[in-house]
**Student:** 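Sharing a structure below in structure tokens format, with a few things to ask.
Each chain gets a letter, A, B and so on, in the order its sequence line appears, and its residues count up from 1. Hydrogens, waters and symmetry mates are skipped; everything else that's a heavy atom, side chains included, is used.
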Amino acid sequence: MHDLKALRADPERFEAALARRGLPRAFDAVLEADKALRTIQTLLQADLARRNDLSKAIGAAMTRGAHAEAEALRAEVAALKDRIAAAEAAEAGAVARVEALASQLPNLPADDVPDGLDEAGNVEVKRWGEPRAGGLEHDALAARLGWDPEAAARLAGARFAVLSGGLARLHRALGQFMLDQHVAAGWQERAVPLLVREAAMFGTAQLPKFRDDQFETVDGRWLIPTAEVSLTNLVRETILDEAQLPMRLTALTPCFRREAGAAGRDTRGLIRQHQFEKVELVTICTPEQAEAEQARMVEAAEGVLEALGLPYRRMLLCAGDMGFAARRTFDLEVWLPGAGVFREISSISWCGDFQARRMDARFRAKGEKGTRFVHTLNGSGVAVGRALVAVLENFQEPDGSVIVPPPLLPYMGGLERLTPEA
RNA sequence: GGAGAGGUGGCAGAGUGGUCGAAUGCGGCGGUCUCGAAAACCGUUAUGGGUGCAAGCCCAUCGAGGGUUCGAAUCCCUCCCUCUCCGCCA
């Protein structure tokens, strides 16, 4: 959600930022609705003040025993009633209009975010490792190592997976390894709900705009599309002490996505599933800390890939390719030699106070009187399903077996190599 | 799922229709005292919004949303949450 006071003060800055995302002017309408709301509020509040005065006068007259006077005042205030009721209804409508408009508008890109309307505008800022070429794609490898898409389809439908034996273990090892690595680096582990209220989904801005991408339950809860929702909303409606910041949180959870807009894309293999696991990093911090914290998160995510020996590149996303809540996003793309492409495996976003406003998450700075909104950041550290894909393709042998990367060995129960089933 | 109790300021805890945004205590902040500190004493201490150049004035908020009333922390309804007992359950 945007700061309406800041918007009133400099609407052109907001419109310009929106234009960088390739979107048409939209803040004019917000300002107009906001103006209408404040006009209604001013009139309503004057009537409320009048009613309060009269009511007090009635009370005073009653205690004095001046019943005739009280009755006269009562008649006077009765005339106000209808007007107040109408104004209250109008106010509620105006508030709803402002929120409906404002909650649909994405965050403003940071100044250092490059121009561009789609992924073609993204800028590569770092490359690590030596991509090897060739080999099989992960689906061909996985099909021989314990991946059963037919069984998954029978029980759950398309875009679900059943993994067996060593492959399942490798998948589990990846998640455990990542989580342990982040905890060792100072991130606090959380085990969190996978089903959340609508308000939580609104807080991190999955709702209302991206309703079609989410799974809703029959009792009005939502399956999290990422642990970002659960971890970030841990601070919703709270006022933190500055000393508690930064809060660096991590969790390993399943994630659920409808993939409504992705029909026909990545239908083969394990790349795009309705359910997948991800280790998430979330940082809650002060505005001053945000810059350094994003760098730390990128480092943490890259540390996972580097420990595993997976070549990657870091992309700075352009304005038009960023997510709704982000001010600046780095994507990490892992090299897949079988497919011969770099594939997104992590996305690390600084959201400024955009989510904090929607959640009402604030902090009290030492020596300052009021409260300020926290900044939120989130990043994958990293996507477990896609890491499995990357390990398969990068560590495959000519015979179709896959060597277990050394950091995962402690989790593999002695298994050092996945071997195709005859 | 059944029965009951309850949600008030940073915390504890009064308040059951009329100057209640809310007593009191604790905590926090400022001050007096002190070489310094403690104690004691004095003062101060919510959030959001509207309006105004400003000082200020005004509105809203006692879990959330509705309702009754001239007037609601107080009465009624719905929902959320917490606790106790019973049932069920990984």
**Student:** Using both distances under 3.5 Å as the test, list the Watson-Crick or G-U wobble partner of B:A14, or none.
**Tutor:** none
**Student:** How about A:Gln188 and A:Arg190: does a side-chain donor come under 3.5 Å of a side-chain acceptor?
**Tutor:** yes
**Student:** Looking only at the side chain of A:Arg362 (C-beta and beyond, no hydrogens), which of the listed nucleotides B:G48, B:G49, B:C70 gets closest?
**Tutor:** B:G48
**Student:** Roughly how many Å is it from CG in A:Leu73 to P in B:U69, rounded to a whole number?
**Tutor:** 18 Å
**Student:** In whole Å, measure the gap between the P atoms of B:A60 and B:C20 for me.
**Tutor:** 15 Å
**Student:** Hunt down the Watson-Crick or G-U wobble partner of B:A37, both distances under 3.5 Å, from any strand shown, or write none.
**Tutor:** none
**Student:** Which whole-number value in Å describes the distance from A:Ile84 CD1 to B:U69 P?
**Tutor:** 14 Å
**Student:** For A:Gln41 and B:G48, give me the distance from atom CD to atom P, rounded to whole Å.
**Tutor:** 15 Å
**Student:** Both distances below 3.5 Å, Watson-Crick or wobble geometry, any strand: find the nucleotide opposite B:G43.
**Tutor:** B:C29
**Student:** Expressed as a whole number of Å, how far does the P atom of B:C86 sit from that of B:G10?
**Tutor:** 37 Å
**Student:** Any strand is fair game: report the nucleotide pairing with B:C85 by Watson-Crick or G-U wobble, both distances under 3.5 Å, or none.
**Tutor:** B:G2
**Student:** Taking atom P in both B:C80 and B:A64, compute the distance separating them and give it to the nearest angstrom.
**Tutor:** 15 Å
**Student:** Say we look at B:U61 and B:G52: how far apart would their P atoms be, to the nearest angstrom?
**Tutor:** 23 Å
**Student:** Round to the nearest Å and state the distance from A:Asp47 atom CG to B:U51 atom P.
**Tutor:** 16 Å
**Student:** Nearest of B:C81, B:C70, B:G50 to any side-chain atom of A:Arg197?
**Tutor:** B:C81
**Student:** Is it true that the side chains of A:Thr204 and A:Glu228 contain a donor and an acceptor less than 3.5 Å apart?
**Tutor:** no
**Student:** In this structure, how many angstroms lie between the C1' atom of B:G10 and the CD atom of A:Glu242, rounded?
**Tutor:** 17 Å
**Student:** Is any side-chain N of the basic residue among A:Arg50 and A:Glu76 closer than 4.0 Å to the acidic one's carboxylate O?
**Tutor:** yes
**Student:** On RNA chain B, compare the nucleotides closest to A:Ile239 and A:Arg221; which residue's is nearer the 5' end?
**Tutor:** A:Ile239
**Student:** Let me spell it out: for each of A:Ala60 and A:Thr42, pick the nucleotide of RNA chain B with the closest heavy atom. Which residue's pick is nearer the 5' end?
**Tutor:** A:Ala60
**Student:** Check whether any side-chain nitrogen or oxygen of A:Thr371 sits under 4.0 Å from OP1 or OP2 of B:G48, and answer yes or no.
**Tutor:** yes
**Student:** Can you tell me if A:Arg38 touches the phosphate of B:G49, counting only side-chain N or O atoms and a distance under 4.0 Å to OP1 or OP2?
**Tutor:** no
**Student:** Do you know which of A:Asp112, A:Asp111, A:Asp321 makes salt bridge (Lys or Arg N to Asp or Glu O under 4.0 Å) with A:Arg328?
**Tutor:** A:Asp112
**Student:** Using OP1 and OP2 only, check whether a side-chain N or O of A:Lys56 sits under 4.0 Å from B:G71.
**Tutor:** no
**Student:** Whole Å only: how far is the CD atom of A:Glu91 from the C1' atom of B:G65?
**Tutor:** 15 Å
**Student:** Taking only Lys NZ, Arg NE, NH1 and NH2, and the carboxylate oxygens of Asp or Glu, determine whether A:Arg386 and A:Glu333 approach each other closer than 4.0 Å.
**Tutor:** no
**Student:** Strictly by Watson-Crick or wobble contacts shorter than 3.5 Å, is anything paired with B:A22, and which nucleotide is it?
**Tutor:** none
**Student:** Rounding to an integer number of angstrom, what distance separates B:G9 and B:G28 when you compare their C1' atoms?
**Tutor:** 13 Å
**Student:** Check the distance between B:G50's P and A:Leu43's CG and give it to me in whole angstrom.
**Tutor:** 14 Å
**Student:** For B:C76 versus B:C57, give the span between their P atoms, rounded off to a whole number of Å.
**Tutor:** 36 Å
**Student:** Give none if B:A90 has no partner; otherwise give the nucleotide forming a Watson-Crick or G-U wobble pair with it, both distances under 3.5 Å.
**Tutor:** none
**Student:** Say you pick atom C1' in B:U32 and the same atom in B:A38; how far apart are they, in whole Å?
**Tutor:** 15 Å
**Student:** Could you encode protein contacts along nucleotides 56-63 of chain B as a string, one character per nucleotide from 5' to 3', using B for base contact, S for sugar-phosphate-only contact and - for no contact, with a heavy-atom cut-off of under 4.0 Å?
**Tutor:** --SSS---
**Student:** side-chain contact (heavy atoms from CB on, under 4.5 Å) with A:Ile284: which of A:Leu231, A:Thr238, A:Leu234, A:Leu245?
**Tutor:** A:Leu245
**Student:** In terms of ring plane angle, is the pair A:Phe324 and A:Phe210 parallel, tilted or perpendicular, where the classes change at 30° and 60°?
**Tutor:** perpendicular
**Student:** Given side chains that start at C-beta, do those of A:Arg221 and A:Val196 come closer than 4.5 Å, heavy atoms only?
**Tutor:** no
**Student:** For the pair made of NZ in A:Lys81 and P in B:A72, what is the distance, rounded to whole Å?
**Tutor:** 10 Å
**Student:** Checking base pairs now: Watson-Crick or wobble, both atom distances under 3.5 Å. What partners B:C57?
**Tutor:** B:G50
**Student:** How far does the C1' atom of B:G21 sit from the matching atom of B:A72, given to the nearest Å?
**Tutor:** 14 Å
**Student:** Across the strands shown, which category fits A:Arg357 at heavy-atom distances under 4.0 angstrom: base, sugar-phosphate, nothing?
**Tutor:** nothing
**Student:** Ignoring hydrogens and angles, state whether a donor on the side chain of A:Asn378 or A:Ser349 is under 3.5 Å from an acceptor on the partner side chain.
**Tutor:** no
**Student:** Quick one: are A:Ile239 and A:Phe363 in side-chain contact, heavy atoms under 4.5 Å?
**Tutor:** no
